[in-house]
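Accompanying notes for the structure given below.
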Amino acid sequence: TTEKITHANAHRVRFDAHGDPLFVDDGGDGDGDSGGGDSGSSESVPICPGITFSPSSFSLAYLSSTTLSPLVLLPLLLPSLPPSLSPLLTLPYVRLHYAQIVWKLAGMERTFPEVLAGRYLKPERIARQILGRFAKEYVEGRRSPVRRILNRDHSSTQLIYLAVFEIPSESSKATATATATARPIILTDGWYTIRALLDPPLASLLLSSSITVGTKLAISGSVLRGRPDGVDPLDDDYDPMNKDEAHLELRYNGVKRGRWDAKLGWVPRTTQPPRRTSTDGECSSLLPPPPPTTTTTTTTTTTSPTHLLV
C-alpha cells in the first residue's frame with residue numbers, strides 16, 4: 001500500500017489493526033475494525049513545555065477506537081495538551097497535516113526500503129509529528145514559511161526550497177498546446193500549500209516533465225500576488241486550486257532544481273541564490289556581481305591611496 005500513496009490520496013490513508021496503511025473511499029473519515037500498531041517506546045515524550053506525548057496511552061486509546069483517521073485522531077491528541085491550548089487543535093488542522101505527514105513518511109519508506117519499509121509510516125509517528133508541528137506554531141510561535149508568506153508577515157523574495165505538491169489539470173501535458181504559456185502548480189513547504197504561476201520558460205520545463213510532483217525547487221525573488229491583506233492557509237475560504245487565490249509568480253532566472261535531500265524552507269542568506277542564463281542567451285543574475293576586492297597601500301611620495309586588485 002505504501003507504494004500507492006501519493007499527494008492526491010494521502011488524505012484517504014487509514015490504519016488497520018496491525019498499524020498498516022489502507023485506503024478508504026473519499027468523503028468519509030473511515031470506519032472499520034479496531035485499530036492497532038506498534039506502540040514503540042512506553043515512556044512519555046516531551047514535545048515542548050506543557051505538551052507531552054505518551055505512546056503507550058495513545059496506543060491504548062487507539063486500540064479501543066475505530067480505524068485511525070483524522071476524526072478519530074483529534075480526541076486522542078487532546079489529552080496531551082493543556083486546557084488552554086486544546087481549542088486551537090481543530091479538525092481542519094489535523095486533517096491538513098495528517099495528509100502532508102502521511103505523504104512524507106510514505107516517501108521516506110520508498111526511498112529507504114531496506115531500513116524503513118513497514119516501520120516508518122505508523123500511527124504513533126503521525127500523532128507525534130502533528131503535536132510537534134502544533135507546538136512549534138502555537139507554543140513557540142514559529143510558523144512555517146508558506147504560512148508566513150500567505151499571512152504577509154514575511155517577504156516572498158527570500159531564497160526558499162519548496163516541493164511540487166500538485167500539478168493542476170490545466171497545466172498537465174495532456175492539455176498542453178504547442179506553445180508554452182504561464183501555467184500554475186501547487187507548491188508545499190511540507191506543512192502548507194500555495195499556488196504558483198510559472199512563466200513560459202518554466203512552463204516549458206513543466207511540459208517536458210523536467211518538473212514533476214515531488215520535485216524540489218530553489219526559489220528566489222518570487223512575488224506574491226493577490227490577497228493584499230493576507231490569508232491564512234487554515235481559513236475556510238482559502239483554496240490554492242482557485243485561479244484567483246493568492247499565488248507566487250516564479251521567473252526562470254529565479255528558480256533552479258534542488259537536491260533530492262534538500263530541506264524544505266528558508267535557506268540561510270549566506271547561500272548563493274539561483275543563477276542561470278536566460279533563454280535569449282544573455283547572462284542573467286538575481287543579484288549584481290560583487291565589487292572587486294581591493295587593498296590600499298600608501299607611499300611616501302603621495303598622500304593619495306593606490307587601489308590594487310587582488
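- For the atom pair CZ of Arg125 and NZ of Lys104, the computed distance is 9.5 Å after rounding to the nearest 0.5 Å.
- Cation-pi geometry between Arg133 and Trp191 is satisfied (NZ or CZ under 6.0 Å from the ring centre, within 45° of the ring normal).
- Residues Leu88 and Glu137 form no side-chain contact, since every pair of their non-hydrogen atoms from C-beta on lies 4.5 Å or further apart.
- In this structure, CG on Leu198 lies 7.5 Å from CG on Leu187, to the nearest 0.5 angstrom.
- Leu197 and Met241 fall into different hydrophobic clusters, defined by Ile, Leu, Val, Met, Phe, Trp and Tyr side-chain heavy atoms under 4.5 Å apart, directly or through other members.
- Using a 4.5 Å heavy-atom cutoff, the side chains of Leu77 and Phe134 are not in contact.
- Judged by distance alone, the side chain of Glu109 and the main-chain N or O of Leu121 form a donor-acceptor pair under 3.5 Å.
- Between the Tyr98 side chain and the Val13 main chain, a donor and an acceptor come within less than 3.5 Å of each other.
- Within a 6.0 Å radius of NZ in Lys136, other residues, nucleotides and ligands contribute 12 heavy atoms or fewer.
- Counting all heavy atoms, side chain and backbone alike, Pro200 lies closest to Ala182 at CG-N, 4.2 Å.
- Both Leu131 and Ile101 are members of a single hydrophobic cluster when ILVMFWY side chains are connected at heavy-atom separations under 4.5 Å.
- Both Leu96 and Ile130 are part of a single hydrophobic cluster, where members link through side-chain heavy atoms under 4.5 Å apart.
- Separating the NE2 atom in His97 from the OG atom in Ser144 is a distance of 7.5 Å, to the nearest 0.5 Å.
- Side-chain atoms of Leu217 and Val164, non-hydrogen and from C-beta on, do get closer than 4.5 Å to each other.
- By the criterion of side-chain heavy atoms lying less than 4.5 angstrom apart, applied directly or through intervening Ile, Leu, Val, Met, Phe, Trp or Tyr residues, Leu202 is grouped together with Leu206 in one hydrophobic cluster.
- In this structure, Ser155 OG and Ile149 CD1 are separated by 8.0 Å, a value rounded to the nearest 0.5 Å.
- Of all heavy-atom pairs spanning Tyr138 and Leu85, the tightest one is O-CD2, 4.5 Å.
- Side chains of Thr193 and Pro233 form no contact here, defined as non-hydrogen atoms less than 4.5 Å apart.
- At a threshold of 4.5 Å between non-hydrogen side-chain atoms, the residues Tyr161 and Arg259 do not count as touching.
- For Thr6 against Trp103, the heavy-atom pair with the smallest separation is C-CD1, 3.5 Å.
- Ring geometry for Trp260 versus Phe112: interplanar angle of 30 to 60°, hence tilted.
- Looking only at distances, no side-chain donor or acceptor of Arg147 sits under 3.5 Å from a matching main-chain atom of Tyr192.
- Residue Pro83 comes nearest to Pro87 through the heavy atom pair O-CD, 3.4 Å, listed as atom of the first residue, atom of the second, then distance.
- Across Arg227 and Asp237, no two heavy atoms sit closer than the pair NH2-O, 3.3 Å.
- In terms of modelled atom types and a separation under 3.5 Å, the side chain of Glu249 and the main chain of Val223 share no donor-acceptor contact.
- Distance check, rounded to the nearest 0.5 Å: CZ of Arg148 to CZ of Arg142 gives 11.0 Å.
- Leu162 pairs in a side-chain contact (heavy atoms from CB on, under 4.5 Å) with only one of the listed residues (Thr188, Ile186, Ile219, Val255), which is Ile219.
- To the nearest 0.5 angstrom, Ile194 atom CD1 is 8.0 Å from Ser156 atom OG.
- By the 4.5 Å heavy-atom criterion applied to side chains, Tyr120 and Thr2 are not counted as neighbours.
- The minimum heavy-atom distance between Leu224 and Arg152, with the atom names listed, is O-NH2, 3.5 Å.
- With hydrogens and angles disregarded, a donor-acceptor distance shorter than 3.5 Å links the side chain of Asn151 to the backbone of Val231.
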